[in-house]
Amino acid sequence: MNEANLADAYDPGRVEPVWYARWMQARAFTPRAATDGEGETPFVVLLPPPNVTGSLHMGHVLSSTIQDVFVRYQRMRGRETLWWPGTDHAGIATQKVVERGLRQQGIEPRQLGREEFIARCWEWKQRSHEHIVRQMQRVGWSLDWEREYFTLDEERSHAVREVFIRLYDKGLVYRGRYITHWCPACRTALSDEEVVHEETQATLWTVRYPLVQGGSIEVATTRPETIVGDVAVAIHPDDPRTAALVGQRVRLPLVGREIPILADASVDMEFGSGLVKITPAHDANDFHVGKRHGLDMPVVIDPDGRMNALAGPLAGLDRFAARDEILRRLEAEGLLAGQKPHTLSRGTHDRCGSVIEPYLSDQWFVRMQPLAAAAIRAVEDGRLHFTPERWRNVYLHWMHNIQDWCISRQLWWGHRIPIYTCKGCALMLAAHAAPAQCTRCGGHDFAQDEDVLDTWFSSWLCPFSPMGWPRVTADLERYHPTTLLVTGPDIIFFWVARMVMASLEFMGTVPFEHVLLNGILRDGQGRKMSKSLGNSPEPIALMDAHGADAVRFAMVMLSPPGQDTFFDDKLVETGRHFANKIWNAARLVLNAAARDGWDVALGLGATAGAPAGAQAPQVFQAASASDAFTQACAGMWQDAFARALPAEALGGLRLEDRWILHAYDETVRAIATEMQALRANEAASRLYHFFWDEYCAWYLESIKPRIYGEDIDSKRTGHVVALVLLAQSCKLLSPFMPFLAEELWSRTPGTQGLVLTAAFPRPVAALRDAEAAERFGLMMQATGALRTLRSELRVPPGKKAPALVHSASGTLGAWSGETGELLMLHAKLASLAPVKGRPPESAAVVVGDGALYVPLGALVDLDAERERLTRELEKADGDLARLEAKLANRGFVDKAPAAVVDAERQRREQLIDHRARIVTSLSEMSGKG
RNA sequence: GGGCGAAUAGCUCAGUCGGCCAGAGCGCCUGCCUUACAAGCAGGAGGCCACAGGUUCGAGCCCUGUUUCGCCCACCA
């Protein structure tokens with residue numbers, strides 16, 4: 001029990017902090033054998049490992065809370081459930097953070113040396129890890145921390161090396177000198193996926209290249225600074241100028257070097273001047289031209305983005321400064337023939353935003369096509385599903401057009417490439433450790449590759465590396481493949497697709513059965529929430545302000561699968577209000593029962609030992625310590641939901657009891673359906689509606705006279721149903737709002753253990769009661785109509801009005817008993833008496849098979865009432881006309897399903913009746929008024 | 001240049017198999033501090049379901065086209 005008191009207003013800050021530790025203590029997140037007939041296959045979810053140096057952002061909160069909802073739901077259903085946590089070493093991100101920290105201390109990272117630098121990274125990782133784990137626990141995620149891994153720990157490193165070695169030996173990993181994306185700020189190569197392309201306004205310059213034989217040609221370029229790296233000028237073979245130009249040479253402006261003009265079909269004749277400069281070392285397209293024609297490939301830019309010695313007068317300048325400089329010089333020499341604005345798609349590094357430099361260097365690659373083939377089949381033959389389904393096409397399109405994966409990074413923090421080169425004969429061997437002896441020359445001296453692997457080269461093993469692969473462990477056999485992966489569509493290529501390939505290659509199975517893509521959170525302007533934009537609210541601060549449960553509920557309810565969500569702090573208030581509502585409803589139910597004394601409230605004998613008295617919350621606590629009481633309650637809960645309520649024992653269920661139990665059962669069914677379809681948002685909505693509108697607004701209001709009244713039987717039944725449904729609601733709420741659910745569960749008598757391990761409610765056929773649903777529905781409808789009437793006629797809220805009821809069937813049976821009593825309560829009626837016809841000077845409400853009349857007395861003027869009735873008549877006429885037209889349409893009557901036609905006919909009868917009674921009311925009123 | 005998504009109340013969004021009068025939260029207006037809750041209760045206003053055609057007895061939903069916005073992919077210098 002927490003310090004929060006049921007007498008106080010809800011304060012999540014006092015309720016939430018204690019529970020996570022209790023759950024851990026109970027080892028509630030480690031998988032346990034299935035119960036409730038929940039099959040043999042465990043429900044396994046892999047947490048997308050957050051960057052260890054990062055901190056939680058709203059995207060994590062959304063995605064992982066959705067996971068938690070499914071995990072908690074399945075766990076409560078009785079399925080063996082495992083949600084596997086881990087953190088990612090995040091190569092570039094972490095290295096940059098540590099570098100920045102060192103520079104702030106005046107230390108230049110590269111001078112520190114590799115080993116020392118890595119040691120600093122580990123220190124930083126240690127601190128950072130603690131921070132992010134605390135954050136994850138704050139949100140309440142039910143992860144099995146006993147199985148936590150780190151993508152750079154020893155076991156994962158072994159798996160990474162093993163995978164590299166196997167791929168290398170199979171010829172799927174190769175080293176080569178190719179153009180790759182290079183980040184000059186991070187001084188490393190990148191994969192295609194790490195480059196974001198954006199449309200940019202640039203300039204297309206036209207530069208005059210003098211022909212050696214005299215005259216000149218014009219060449220268009222957006223990158224004049226690379227002129228120093230040009231090795232040729234290309235023209236399309238079909239260009240009419242080809243015959244005259246090919247074979248000629250031009251003299252490079254400023255540089256003076258002579259280069260050939262050659263023909264290549266990749267040139268677009270329509271673009272620019274139809275002549276293109278070829279810089280193989282600094283342009284991907286030019287690289288291919290260079291390959292085709294066997295050209296030199298001089299690198300003129302250094303890894304840090306500055307022009308190198310080959311750039312002559314530009315040497316030492318940053319590439320953009322060099323651009324300005326060369327333009328100035330070209331201009332001065334009259335070689336700049338023109339310039340015009342030009343939009344181009346420019347690549348930047350997704351981590352640091354620097355403009356990518358296409359760069360020729362030696363890198364390691366994974367040959368992807370052989371791996372992709374299996375990954376395509378797995379989706380095409382249905383072993384792997386996407387929700388929403390359209391993402392399947394995104395995945396397949398990428399797979400079909402897959403490019404080789406550049407996996408080497410010129411960094412220190414990461415998995416060092418397990419390649420050892422013999423210093424004697426240059427033989428390269430892939431191995432877990434330095435080989436003792438060279439297999440070719442017998443040498444003993446080896447040098448390990450200096451580079452590390454792309455972070456994703458460890459992440460793509462997550463479906464099996466946490467389980468100890470390549471060792472065959474019990475966990476590997478039991479929990480691979482996993483069941484569900486929930487993640488954002490932005491990492492389908494980075495991660496999802498690659499995991500599929502890795503699992504198929506090394507495990508022979510898909511890594512998971514379902515992929516649920518959650519939406520991306522956007523701010524009010526539609527921008528993706530990101531740390532760099534600073535437009536993402538700080539989740540912990542949000543939880544401090546509103547409670548973790550509130551944030552969780554809001555995120556889940558407001559984010560349908562695969563749809564981007566515009567997020568606003570205000571949305572979280574919906575969750576906070578709901579939490580508050582739940583708390584207050586529990587206060588009402590628990591305190592009311594306690595006030596009556598638990599023995600009375602629950603029909604236990606006076607010997608049960610539950611003290612009665614005024615100190616409600618304490619009474620409640622003391623009561624739950626009583627064994628006899630606890631057992632009695634527990635039995636009752638069980639009876640209630642295993643075999644329907646023992647109605648007689650409770651003194652008989654009243655209409656509202658039967659109705660709310662029916663509504664509860666409907667909700668249980670709906671939630672099961674929605675969860676099955678992976679629509680957690682819909683499940684949350686159903687729960688919200690049930691608890692707020694049905695349980696609180698109608699049911700609890702209905703039973704107040706009973707639980708505050710004198711009739712013991714009636715009181716008792718009300719208490720029991722209210723308490724039972726409170727307990728059941730705690731279970732329903734637990735996946736979504738686990739802290740509050742746990743707190744209230746612990747305070748509800750008869751509950752045992754933790755709610756997160758309680759059995760999730762299942763539908764109970766015996767609770768269904770169509771008749772109660774119909775009668776209560778009628779009462780709600782009449783209440784609504786009477787309330788509107790009161791409001792429109794300006795009856796003071798405190799004033800109770802007498803009402804008369806007329807039934808067309810003549811029996812008045814429907815309104816004579818419980819229905820009438822409930823109506824009097826909700827519509828604030830002083831009395832409800834039968835009447836044959838419409839009394840004079842009364843307002844009428846037409847409902848069901850009869851009408852309700854409220855004598856106006858001196859309350860209102862008749863004109864207002866006449867006006868109101870006239871409006872209602874117009875509406876009825878409109879409805880009727882529309883319906884008549886529909887039924888007069890032979891096409892509809894002949895072709896629509898019989899049930900639909902019947903329903904419409906029935907509705908017409910009702911409407912005719914309804915209208916007639918309005919007309920009667922009006923004419924009587926005219927007669928009198 | 002290709003592909004995908006969105007367009008529904010003032011705002012943010014649901015709307016599942018085409019079938020009652022299109023819903024919710026927030027905001028707005030009116031009235032209520034009614035013994036769980038003013039973080040609340042009751043009532044209300046507010047909609048050419050982007051536009052134009054089509055299919056159908058019937059369309060927010062299916063088809064075709066158009067417009068606007070967003071995203072992804074792509075080696076036009």
Side-chain angles (χ1 to χ4, degrees), chain A residues 6 9-10 179 197 204 219-223 226 234 266-268 270-273 275-279 283-289 342 344-345 358 388 390-391 393-394 397-398 401 489-490 492-493 520 522 524 526-528 546 550 554 557-560 562-568 570-571 573-574 576-592 673-674 677 679 681-682 685 688-689 696-697 700-701 704 708 783-784 787-792 794 796-798 826 828 875 878-879 882-883 886 889-897 899-901 903-904 906-907:
Chain A
L6 273 180
Y10 177 55
I179 278 270
H197 295 275
L204 184 66
V219 169
T221 181
T222 55
R223 299 205 57 196
T226 61
S266 70
V267 178
D268 180 354
E270 308 301 317
F271 191 89
S273 62
L275 289 159
V276 58
K277 65 195 230 24
I278 301 299
T279 322
D283 181 280
N285 194 40
D286 293 1
F287 173 74
H288 293 114
V289 176
H342 176 66
L344 70 94
S345 172
R390 64 190 143 85
W391 293 109
N393 298 328
V394 175
H397 182 261
W398 186 78
N401 297 284
D490 49 341
I492 289 180
F493 308 141
I520 292 175
R522 302 186 176 279
R527 298 175 307 177
K528 181 173 162 181
H546 303 284
M557 187 164 93
L558 297 169
S559 178
Q563 270 322 315
D564 289 0
T565 302
F566 287 83
F567 180 82
D568 190 293
K570 266 195 114 53
L571 299 178
E573 285 179 19
T574 303
R576 189 183 61 170
H577 292 176
F578 188 41
N580 189 54
K581 188 72 180 178
I582 296 164
W583 177 262
N584 281 308
R587 281 174 65 192
L588 168 68
V589 173
L590 294 173
N591 287 341
T673 305
E674 302 299 353
R679 291 188 292 254
N681 61 317
E682 291 291 332
S685 296
Y688 182 92
H689 169 71
C696 290
L700 294 183
E701 292 303 330
K704 273 180 181 173
Y708 291 138
T783 300
R787 283 172 174 173
T788 303
L789 183 76
R790 290 177 62 109
S791 174
E792 287 185 354
R794 309 238 170 257
H826 292 290
K828 289 191 177 165
K875 185 176 175 328
D879 287 352
R882 204 166 32 243
L883 202 53
K886 195 171 185 181
N889 183 344
R890 280 205 55 196
F892 173 71
V893 178
D894 293 346
K895 294 184 185 175
V900 173
V901 177
E904 295 289 28
Q906 220 172 345
R907 214 181 130 239

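Order of the sequence lines sets the chain letters (A, B, ...), proteins ahead of strands, with each chain counted from 1.
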Do any side-chain nitrogens or oxygens of [X] fall under 4.0 Å of OP1 or OP2 in [N]?
X      : N     : answer
A/H342 : B/A77 : yes
A/T673 : B/U16 : no
A/Y708 : B/A36 : yes
A/H577 : B/G40 : yes
A/K581 : B/C41 : yes

So [X], base contact, sugar-phosphate only, or nothing? Heavy-atom distance under 4.0 Å.
X      : value
A/E270 : nothing
A/R787 : sugar-phosphate
A/E701 : base
A/F493 : sugar-phosphate
A/R790 : nothing
A/K277 : nothing

In whole angstrom, give me the gap between the [atom1] atoms of [N] and [M].
N     : M     : atom1 : answer
B/A39 : B/C21 : C1'   : 33 Å
B/A52 : B/G44 : C1'   : 36 Å
B/G46 : B/C28 : C1'   : 9 Å
B/G60 : B/G27 : C1'   : 24 Å
B/U8  : B/G3  : C1'   : 26 Å
B/C17 : B/G58 : C1'   : 15 Å
B/C71 : B/C33 : C1'   : 49 Å
B/A9  : B/C49 : P     : 10 Å

With Watson-Crick and G-U wobble geometry limited to distances under 3.5 Å, how should the secondary structure of RNA chain B be encoded in dot-bracket form, using | for bases paired to another strand and [ ] for crossing pairs?
(((((((..((((.....[...)))).(((((.......))))).....(((((..]....))))))))))))....
For RNA chain B, whose closest nucleotide is more 5', that of A/T788 or that of A/R223?
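Result: A/T788.
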Considering non-hydrogen atoms only, spot the tightest contact between A/R587 and A/N584 and give its length.
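What the structure gives for the nearest pair is NH1-OD1, 2.9 Å.
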Locate the shortest heavy-atom distance separating A/S266 from A/V289; write the atom from each residue and the value.
OG-CG2, 3.7 Å
With respect to the side chain of A/R587, which nucleotide from B/A77, B/C37, B/A14 is positioned closest?
B/C37
Are a donor atom and an acceptor atom from the side chains of A/R390 and A/N393 found within less than 3.5 Å of each other?
no
What protein N or O atoms touch nucleotides 2-7 of chain B N or O atoms at under 3.5 angstrom, if any, and at what distances?
none

Where along nucleotides 17-23 of chain B does protein come under 4.0 Å, by heavy atom, of base (B) or sugar-phosphate alone (S), with - for untouched nucleotides?
--BBB--
